[in-house]
Number of protein chains: 2
Amino acid sequence: MTDSRVSMPRRSLPAAEDHAARFARQREADRTATAEDYVELIADLLREEGEARAVDLSRRMGVSQATVTATIGRLQRDGLVETKPYRGLFLTEAGTELATAAKSRHDLVVRFLIAVGLDAETAEQDAEGLEHHASDEALAAFARFLAKRDDPI
Amino acid sequence: MTDSRVSMPRRSLPAAEDHAARFARQREADRTATAEDYVELIADLLREEGEARAVDLSRRMGVSQATVTATIGRLQRDGLVETKPYRGLFLTEAGTELATAAKSRHDLVVRFLIAVGLDAETAEQDAEGLEHHASDEALAAFARFLAKRDDPI
DNA sequence: AACACTTCTTAGCCTAGGCTAACTTTCAGA
DNA sequence: TCTGAAAGTTAGCCTAGGCTAAGAAGTGTT
Ligand SMILES: [Mn+2]
Ligand SMILES: [Mn+2]
Ligand SMILES: [Mn+2]
Ligand SMILES: [Mn+2]
């Protein structure tokens, strides 16, 4: 029903299917965000503290221990995490890979935001959300930006 | 239990409360994202098509009509939207404000991503998700970046 | 006026991700 | 060794946001 008599009208709305695809991709990113944040945090805790306890996740995620138990259950079901009660959480191969990717993405976003003028704390804050919605293309662009800035021939 | 004997150790983890605050803010952004996307789309449809039907939202969001009904119900409950069945959706004052803010944020993010090297379609795609997680500070930084680029005195 | 098509709603279901309260298990210190 | 605190689990609840299938309600065309 779109009027196509004018060659380049006030075309602000994309084709419905394309539009829908954008939102679908975003919903997908939302679904994986929790897993990424958890495995990233588990990896950080393992590296920095030597162990990652559910109670630490609870504190650092700002969520009840019951919620952590449930979430960890899903991560376990999905083959990302293993647990030894009272002995902490461990990442599977897949979990480690996901954590590594998440961390490098996180760090890249933080560095980019700082380069673009944000203070470190705001950059960290924003990165926590933005990291899950930047495509590989966007990340590549961020990396190029940083490279150019560091080496401005 | 954090060891504070060393002055500046491998401090990668922020204080637990700060860490939790970051995630809390992100959860908040996630909660408001759907409302923003819906009112933004309704405003776009009203402007471009003259009316915003639930069935169009369904198509453009890539979601069933039943889901749209439910979501619109929440938006109505929250005072953002009004409905006249078979006559489309309308924004309240609050809804219009939210839509306007969402759209300007969306556009800013798109322009910024393009300026940083993304192609238009990827920029649109990514903006759909990123827009909900960029703080005012980040948006201001993006705007500064664009301004400087356009006027590189 | 009737009929078909479209639009919208309703009912019933599901998962993720939150919560509190109560319980169990482990650990550590007296 | 006991025993209290910490850690973890379980049960039961909630909301958002998805879905399908079925039915109701407009709308438009003949
Ligand atoms: Mn994150
Ligand atoms: Mn992160
Ligand atoms: Mn969006
Ligand atoms: Mn948007």
Side-chain angles (χ1 to χ4, degrees), chain A residues 1 16 20-39 41-42 45 49-90 128-129 132, chain B residues 1-2 16 20-39 41-42 45 49-78 80-90 128-129 132:
Chain A
M1 306 329 163
R22 290 183 198 164
F23 287 116
R25 204 173 293 193
Q26 208 205 313
R27 284 192 294 270
E28 177 61 29
D30 277 336
R31 259 199 308 283
T32 55
T34 303
E36 291 174 10
D37 284 339
Y38 269 70
V39 298
L41 180 50
I42 290 169
L45 287 167
E49 313 277 340
E51 64 179 0
R53 300 298 202 88
V55 67
D56 296 323
L57 291 208
S58 165
R59 277 194 275 264
R60 303 198 97 95
M61 300 289 311
V63 128
S64 75
Q65 282 188 225
T67 293
V68 170
T69 298
T71 303
I72 291 297
R74 283 188 293 272
L75 298 182
Q76 226 169 342
R77 177 200 64 188
D78 297 343
L80 296 169
V81 164
E82 277 158 11
T83 68
K84 304 184 189 171
Y86 296 93
R87 206 130 301 253
L89 305 166
F90 301 89
E128 204 53 76
H132 308 288
Chain B
M1 305 322 179
T2 303
R22 290 183 198 164
F23 287 114
R25 204 172 292 193
Q26 208 206 314
R27 284 192 294 270
E28 177 61 28
D30 277 337
R31 259 199 308 280
T32 55
T34 302
E36 291 175 11
D37 284 339
Y38 269 70
V39 298
L41 181 49
I42 291 169
L45 286 167
E49 315 276 342
E51 64 179 0
R53 300 296 203 88
V55 67
D56 296 322
L57 292 210
S58 164
R59 277 194 275 265
R60 302 199 95 94
M61 300 292 306
V63 127
S64 76
Q65 282 189 224
T67 295
V68 170
T69 299
T71 304
I72 292 297
R74 283 188 293 271
L75 298 182
Q76 225 168 340
R77 179 201 61 190
D78 297 342
L80 297 169
V81 164
E82 276 158 11
T83 69
K84 304 184 189 170
Y86 299 90
R87 206 129 301 254
L89 306 166
F90 301 88
E128 204 53 76
H132 309 288

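By convention in this document, chain letters (A, B, ...) are assigned in the order of the sequence lines, proteins followed by strands, and residues within each chain are numbered from 1.
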Once you round to the nearest 0.5 Å, how far does CG of B/Leu75 lie from CG of B/Leu89?
-> 9.0 Å
OP1, OP2 of [N] versus side-chain N and O of [X]: anything below 4.0 Å?
X: B/Ser64; N: D/dC19; value: yes
X: B/Arg77; N: D/dT15; value: no
X: A/Arg53; N: D/dG8; value: yes
X: B/Arg87; N: D/dT27; value: yes
X: A/Thr69; N: D/dG8; value: no
X: B/Thr67; N: D/dC19; value: yes
X: B/Arg74; N: D/dG17; value: yes

Would you call A/Arg31-A/Glu28 a salt bridge at under 4.0 Å N-O?
->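 Yes, this pair counts.
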Is the shortest distance from a Lys or Arg side-chain nitrogen in A/Asp56 or A/Arg59 to a carboxylate oxygen in the other one below 4.0 Å?
-> yes
Do [X] and [Y] come close enough that some side-chain heavy atom pair is under 4.5 Å?
X: B/His132; Y: B/Thr32; value: no
X: A/Leu57; Y: A/Leu45; value: yes
X: A/Arg27; Y: B/Val63; value: yes

Whole angstroms only, please: what is the [atom1]-[atom2] distance between [X] and [N]?
X: A/Gln26; N: D/dG18; atom1: CD; atom2: P; value: 10 Å
X: B/Arg27; N: D/dT15; atom1: CZ; atom2: P; value: 18 Å
X: A/Glu28; N: C/dT15; atom1: CD; atom2: P; value: 17 Å
X: A/Glu51; N: D/dG8; atom1: CD; atom2: C1'; value: 14 Å
X: B/Leu57; N: D/dG17; atom1: CG; atom2: P; value: 14 Å
X: A/Gln76; N: D/dG8; atom1: CD; atom2: P; value: 13 Å
X: A/Arg31; N: D/dG18; atom1: CZ; atom2: C1'; value: 9 Å
X: A/Asp78; N: C/dG17; atom1: CG; atom2: P; value: 10 Å

Quiz item: A/Tyr86 side-chain donor-acceptor pair to C/dT25 base, under 3.5 Å = yes
Measure from the side chain of B/Thr34, starting at C-beta and using heavy atoms only, and say which of D/dG18, D/dA11, D/dG17 lies closest.
->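 Closest nucleotide among those given: D/dG17.
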Could you tell me whether B/Val68 contacts a base, only the sugar-phosphate backbone, or nothing, with contacts defined as non-hydrogen atoms closer than 4.0 Å?
-> nothing
How would you label the contact of B/Ala66 with the nucleic acid (heavy atoms, under 4.0 Å): base, sugar-phosphate, or nothing?
->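 Touches a base.
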Does A/Met61 or B/Arg59 map to a spot on DNA chain C nearer the 5' end, using the closest nucleotide for each?
-> B/Arg59
A/Pro85 vs A/Gln65, nearer the 5' end of DNA chain C by closest nucleotide | A/Gln65
